[in-house]
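Working notes, beginning with the structure itself.
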Amino acid sequence: MSSIITIKSIGNQQDLVINPPSGGLSLQGTIKIPGDKSISHRSLMLGAIAQGETTIEGLLLGEDPRSTAACFRSMGAQISPLNSQSITVQGVGLGNLQEPLDLLDAGNSGTTMRLMLGLLASHSNRFFCVTGDNSLRSRPMSRVVQPLQQMGAKIWGRQQNSLAPLAIQGQNLKPIHYHSPIASAQVKSCILLAGLMTEGKTTVTEPALSRDHSERMLQAFGANLAIDPETHSVTITGKPTLIGQKVVVPGDISSAAFWLVAGAIIPGSELVIENVGINPTRTGILEALKMMEANISLENERIVTGEPVANLRVKFSQLKACTIEGALIPRLIDEIPILAVAAVCAQGTTIIKDAAELRVKESDRLAVMASQLNSMGAKITELPDGLEITGGTPLTGHEVDSYTDHRIAMSLAIASLIAQSSTTIHRSEAAAISYPEFVATLQQLIVN
Ligand code: S3P
């Protein structure tokens with residue numbers, strides 16, 4: 001490691017110290033990023049409940065998919081060790097998940113818990129208990145518990161059945177048409193997975209389109225879906241035969257976002273990020289950065305097992321402020337922490353609104369990004385549902401904290417690269433949730 005980057009371990013926590021040279025640094029190179037987290041979870045889950053073998057190339061080998069794999073192993077699926085580029089899953093067949101002998105631990109992963117709840121609630125005559133880490137046990141589960149209860153599910157938990165640990169007595173459910181008050185792929189996917197096991201047609205309508213990886217993968221595994229793009233509605237017909245598939249997981253655009261912003265804000269930088277998933281429900285980050293006049297181009301666009309993929313090239317340019325709101329928000333929901341860093345470097349005042357969902361992510365991402373970047377000299381005002389960020393003030397190194405949130409840890413690391421002195425990011429080990437190689441890749445890209 002160069003002296004620019006140092007890691008200090010304190011028990012099982014890590015401080016990441018970033019000390020840019022006085023003359024500044026730039027980032028140069030071509031990189032691959034880890035597999036898409038959303039698609040990784042879904043490939044493990046659908047592989048586990050399908051008949052026969054599923055092979056998964058490029059699975060994210062991060063902490064969150066490990067939580068999913070551990071849960072489904074304890075319900076009878078055979079999943080090869082998550083230590084290679086090619087993973088195999090021997091599924092149990094639809095309806096055949098076994099009652100686990102112990103708690104199902106979703107760790108830090110909201111996707112694992114919320115999607116799994118749809119499957120568990122609909123496995124009749126079996127009992128399940130699900131839990132997670134401190135962060136996950138404080139995140140709202142009523143958004144999935146309530147629609148599942150409308151389908152007839154029996155679920156108990158703290159605070160009117162809204163917080164994990166949750167106990168589930170599986171039932172034969174009845175189909176519903178659920179009008180979700182929020183654009184959430186986790187809510188939509190939970191209900192679709194419950195609908196898989198339910199006789200008849202189950203429909204979810206959402207106020208704006210959220211990521212559609214579940215719809216794409218369910219269809220690839222043999223489920224019968226009807227999609228109405230006008231009304232943002234998806235209908236699933238219950239009790240199909242799901243057959244194991246070959247899944248190739250593209251690189252995660254949410255992980256690419258750190259390098260897109262880093263390349264755009266650090267003078268002299270040019271990066272190529274290969275094999276990035278560019279599903280239109282996820283490309284809000286590209287549109288936001290384009291509004292900010294970033295220099296980003298797409299190369300070698302192609303389709304890989306049902307998902308669009310491209311290489312992304314980014315070069316430094318002076319960014320301009322913009323407003324990010326409305327239907328764009330669900331299409332860049334996980335990229336708002338790193339967009340806040342871009343806005344700190346943009347000329348003018350960037351407004352992010354309609355993003356109150358960020359308060360119930362792995363941390364309260366609005367409060368944490370505002371307080372941590374402000375401690376480095378940024379000018380950010382927290383709004384109830386967003387951030388107002390006046391760019392152009394130089395950042396100064398400071399002690400900051402990830403609040404154990406992977407995307408906060410990595411966003412603060414990118415901000416530290418443009419600070420005028422050394423920054424220490426406490427609890428930076430959180431990055432391993434979605435990007436175990438983040439620091440190694442950063443190290444590889446630094447030119448000074
Ligand atoms: C995800 C959906 C989003 C996103 C999360 C992953 C998914 O959450 O923030 O990181 O894989 O379905 P919401 O559905 O809560 O918006």
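Note that ligands are numbered from 1 as they come in the structure, with each ligand's atoms numbered from 1 the same way. The chain is numbered in sequence order, starting from 1.
Taking the charged nitrogens against the carboxylate oxygens, D252 and K37 have no contact shorter than 4.0 Å, which rules out a salt bridge.
In terms of protein heavy-atom proximity, atom 6 (C) of ligand 1 is closest to T111 OG1, 3.5 Å. For atom 14 (O) of ligand 1, the nearest non-hydrogen atom of the protein is S184 OG, 2.6 Å. Residue, atom and distance of the protein heavy atom nearest to atom 1 (C) of ligand 1 are Q186 NE2, 3.6 Å. Of all protein heavy atoms, the one closest to atom 16 (O) of ligand 1 is K361 NZ, 3.2 Å.
At a heavy-atom cutoff of 4.0 Å, ligand 1 is contacted by the side chain of R42 but not by its backbone. Contacts of K188 with ligand 1, taken as heavy-atom pairs under 4.0 Å, are absent altogether.
Residues S210 and E206 have side chains that bring a donor and an acceptor to within less than 3.5 angstrom of each other. Side-chain polar atoms of D228 and S233 form no donor-acceptor pair below 3.5 angstrom. Side-chain atoms of H426 and Q13 include no donor-acceptor pair closer than 3.5 Å. Counted by atom type alone, H213 and S38 present zero donor-acceptor pairs between their side chains at under 3.5 Å.
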Before you tell me yes or no, could you show the steps for R139 and L136 under side-chain contact (heavy atoms from CB on, under 4.5 Å), namely the whole-Å CA-CA distance, both residues' side-chain angles and the distance that decides it to 0.1 Å?
CA-CA 5 Å; R139 294 180 66 188; L136 189 55; 4.2 Å; yes

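Residue pairs satisfying the side-chain hydrogen bond (donor to acceptor under 3.5 Å, both in side chains) criterion with at least one member in residues 214-227, sequence neighbours excluded, are listed as follows: R42-S214, K188-E215, S189-S214, D212-R216.
Contact atoms of ligand 1 toward K37: 10 (O) (distance under 4.0 Å to a heavy atom of the residue). The contact set between ligand 1 and I333, taken as ligand atoms under 4.0 Å from a residue heavy atom, comprises 9 (O). Annotation for ligand 1: atoms under 4.0 Å from non-hydrogen atoms of S38 are 1 (C), 6 (C), 7 (C), 11 (O). Of all atoms in ligand 1, listed by their number and element, those nearer than 4.0 Å to a heavy atom of A185 are 12 (O), 14 (O).
A perpendicular orientation is assigned to the rings of F258 and F438, their planes being inclined by more than 60° (bins at 30° and 60°).
The residue from L115, D334, L332 that puts a heavy atom closest to atom 10 (O) of ligand 1 is D334.
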